[in-house]
Q: 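Take this structure, written in structure tokens, and hold onto it; I'll ask about it next.
Sequence lines set the chain letters: A, B, ... in the order given, protein chains first and strands last, and positions in each chain run from 1.
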2 protein chains.
Amino acid sequence: MAFELHERLQADTIEVCDLELCKVLLMNDENYPWLILVPMRENTREVHQLFKDEQYKLMDEISHVSAVLERFTEADKMNIGALGNMVHQLHVHVIARFKDDPAWPNPVWGAKGARAYDEEHLQALAQSLRDKLTN
Amino acid sequence: MAFELHERLQADTIEVCDLELCKVLLMNDENYPWLILVPMRENTREVHQLFKDEQYKLMDEISHVSAVLERFTEADKMNIGALGNMVHQLHVHVIARFKDDPAWPNPVWGAKGARAYDEEHLQALAQSLRDKLTN
């Protein structure tokens, strides 16, 4: 069966790019620069369910996305998390955190309602991130 | 400089075992079966600051600990997170989650005050986990 993005992830994000293993999504929440990596594998809910070579590829892509997003945003700290208590498709959050962001120093999940970007800003940010991540 | 465990991590946990890269700690909070992996490297705050071979080793150990803890606890979901907004030493949470745990389906961080195990239970649990993780 072909990989299909979970509808909840689809609703909350826009697509940035596909890396080798993961689809990269930008969360439509201007409270935080927030990317989500989704391994394009069906029926996978836990990191340890991936094959070993996929686990290493996931680590490569997490590390790449985290380093690029940190540099791009000049973040104070990167937060990485694979939770999936509500969305049953394996996905990894990579979030740039700032000492003056609305949730600091707590986690962003469940902290505050999302605040959507205006459409132009959202598209421009996705394009900038696409350029940085794929070059 | 030799690796030294951050005092906050030391205060909140007991040691389970050392794997090749990471020290494994058990959080003293009976609300959740909760392990913490701390790469024994000085001056590292972000996953992407590790060398590539250390990143893969970290992925091996996260995957191992997550699979063992899931099986041992029969968890509904594993949560994995590297946050470090407050503790500046790189550490990775691996938490067994249950649909009837106090924070479900929200993250455990900041959800509720920790509830310490009684000492005997804490030591017995650490020993069981040590056996499972190192065999």
Q: If you look at every heavy atom in B/P107 and A/W109, which pair is closest and at what distance?
A: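 Between these two residues, the closest heavy atoms are CG-CB, 3.5 Å.
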Q: Does anything in residues 8-36 of chain A get under 4.5 Å of chain B by heavy atoms, and if so which residues?
A: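 Counting heavy atoms that sit under 4.5 Å from chain B, no residue of residues 8-36 of chain A is involved.
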Q: Scan side-chain atoms only and decide if B/Q127 and B/Q123 contain a donor-acceptor pair under the 3.5 Å cut-off.
A: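 Judged by distance alone, the side chains do not pair up.
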Q: Given the rule that I, L, V, M, F, W and Y join up when any side-chain heavy atoms are under 4.5 Å apart, are A/L37 and A/L133 in one cluster?
A: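 They do share one cluster, since a chain of ILVMFWY contacts under 4.5 Å joins A/L37 to A/L133.
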Q: Counting a contact as any heavy-atom pair under 4.5 Å apart, which residues of residues 81-103 of chain A contact chain B?
A: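 Expected list: A/G81, A/A82, A/L83, A/G84, A/N85, A/M86, A/R97.
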Q: Out of B/Q49, B/H48, B/Q55, B/R45, return the one with the most heavy atom pairs under 4.5 angstrom to chain A.
A: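 Most heavy-atom pairs under 4.5 Å with chain A: B/H48.
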Q: Using a heavy-atom distance cut-off of less than 4.5 Å, which residues of residues 57-79 of chain A contact chain B?
A: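 The residues closer than 4.5 Å to chain B, in numerical order, are A/L58, A/M59, A/D60, A/S63, A/S66, A/A67, A/E70, A/D76, A/K77, A/M78, A/N79.
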Q: Using the test salt bridge (charged side-chain N to carboxylate O under 4.0 Å, His left out), find all partners of B/R41 that sit at least two apart in sequence or belong to another chain.
A: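 B/R41: salt bridge (charged side-chain N to carboxylate O under 4.0 Å, His left out) contacts with B/E54.
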